[in-house]
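Reading through the structure tokens given below for one structure.
We use all heavy atoms of the structure for the numbers below, so side chains are in, but hydrogens, waters and symmetry mates are not. Each residue takes its place number in the sequence, starting with 1. In listed order, ligands and their atoms are each counted from 1.
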Amino acid sequence: MNHNNIVEFKHVKKSYFLGEAEIKALKDVNFTVEKESFTFIVGKSGSGKSTLLNLMGAIDSPSNGTIIINGTDISTLNDNELSDFRAQNIGHIFQNFNLIPVLNLYENIEYPLLMINMEKTKREEKVNAIIESVGLKGLEKHEPSQLSGGQRQRVAIARALVKNPLLVLADEPSANLDSKTSEEILALMKQMQETYKTTFIFVTHDRDILDKATHTYELKDGVLGVNHDK
Ligand SMILES: Nc1ncnc2c1ncn2[C@@H]1O[C@H](COP(=O)(O)OP(=O)(O)O)[C@@H](O)[C@H]1O
Ligand SMILES: [Mg+2]
């Protein structure tokens, strides 16, 4: 594997079974993601985007094929090793923000650091720094329900980045935002990518947000190919 590649998929297939019926969500996907890229995968609803992202985030495993993340074949890890791997290396941003409603803004962002047992002083330093860089200073005590969609997505970005992960995976991060907010959020993510030198991988049906991408692919009925828009 080229050391500039942080993710490699080799002949990856994923099927779901509903009774007797096999749904081939991914059919022989082969691709690599370059380190520190801002990679976008576009595709219609049902094309396999979330499936692909879940495999990349080691949330789910493939039916066939090999997935290598930062030099590790993730099929060789047991359940404990996999959850450690996820906690250390992967940050997620979701369409519905997925914030914890009973925790305030500060606590939501601190949560991933508790999961990796970071000590208190270092935690405070990291959480305060990222709150500042995503422009949420002063809102630490607010609960998610008191925040706008754009602010919630900023919290989600901060939460994904606070542990400085290898990979940030975003599943339709602009889907619940108006176009102006979505533009601001994308610009913020790009800026965060440059500051933290993280690799961002997006899946989206929204072709309007592709202009900031360094690499784009298209997923059609479980087949990944080049995207011809760019
Ligand atoms: N847990 C599941 N069980 C059965 N079928 C699923 C499951 N998850 C996804 N699928 C099916 O796999 C295909 C790809 O789904 P998904 O990856 O969610 O696509 P997208 O995110 O692009 O909308 C769809 O046909 C979907 O219905
Ligand atoms: Mg999806």
Next item on the list: Indicate whether atom 12 (O) of ligand 1 is within a distance of less than 4.0 angstrom of some protein heavy atom.
Entry: yes
Any side-chain donor-acceptor pair under 3.5 Å between [X] and [Y]?
X	Y	result
N176	N96	yes
Y16	T51	yes
T32	E8	no

Checklist line | Of K44, K49, R207, the residue whose pairing with E218 passes salt bridge (Lys or Arg N to Asp or Glu O under 4.0 Å) | finding: R207
Note to self: Is the distance from the ring center of F38 to that of F202 below 6.0 Å?
What the structure shows: yes
Margin query: Once salt bridge (Lys or Arg N to Asp or Glu O under 4.0 Å) is applied, what residue pairs with a partner in residues 59-79 remain, sequence neighbours excluded?
Written below: K14-D60
Item checked: Atoms of the protein (N/O/S only) found under 2.8 Å from the Mg ion (ligand 2) -> S50 OG
Closest approach of any protein heavy atom to [atom], naming residue and atom:
atom	value
atom 17 (O) of ligand 1	T51 OG1, 2.6 Å
atom 23 (O) of ligand 1	G46 N, 2.7 Å
atom 26 (C) of ligand 1	I23 CG2, 4.9 Å
atom 2 (C) of ligand 1	Y16 CD2, 3.5 Å
atom 18 (O) of ligand 1	S50 CB, 3.8 Å

Item checked: Connected hydrophobic set around Y111, excluding itself, where side chains approach under 4.5 Å -> I100, V102, L103, M115
Next item on the list: For G48, take its heavy atoms, then give the atoms of ligand 1 lying under 4.0 Å from any of them.
Entry: 14 (C), 16 (P), 17 (O), 19 (O), 20 (P), 22 (O)
Next item on the list: Applying side-chain contact (heavy atoms from CB on, under 4.5 Å), run through Q88 and K163 and close with a yes or a no.
Entry: CA-CA 7 Å; Q88 297 285 349; K163 61 191 176 190; over 6 Å; no
Note to self: Is there a polar contact between ligand 1 and L18, counting only N or O atoms under 3.5 Å apart?
What the structure shows: no
Margin query: I want to know if ligand 1 touches A25 in the polar sense, i.e. an N/O pair below 3.5 angstrom.
Written below: no
Note to self: Has R159 got a side-chain atom pairing as donor or acceptor with N108's backbone, closer than 3.5 angstrom?
What the structure shows: no
Checklist line | Test item: S63 side-chain N/O and S15 main-chain N/O as donor-acceptor pair under 3.5 Å | finding: yes
Next item on the list: Indicate, as side chain, backbone, both or neither, the part of K44 found under 4.0 angstrom from ligand 1 when only non-hydrogen atoms are considered.
Entry: backbone
Margin query: Would E172 count as a contact residue for ligand 1, given that I'm defining contact as a non-hydrogen atom of the residue lying under 4.0 Å from a ligand atom?
Written below: no
Check: Are any of the heavy atoms in G43 under 4.0 Å away from ligand 1?
Finding: no
Checklist line | Set of ring-ring contact (aromatic ring centres under 6.0 Å, His included) partners for F31, sequence neighbours left out | finding: F9, Y217
Item checked: E184 and K180 ion-paired at < 4.0 Å -> yes
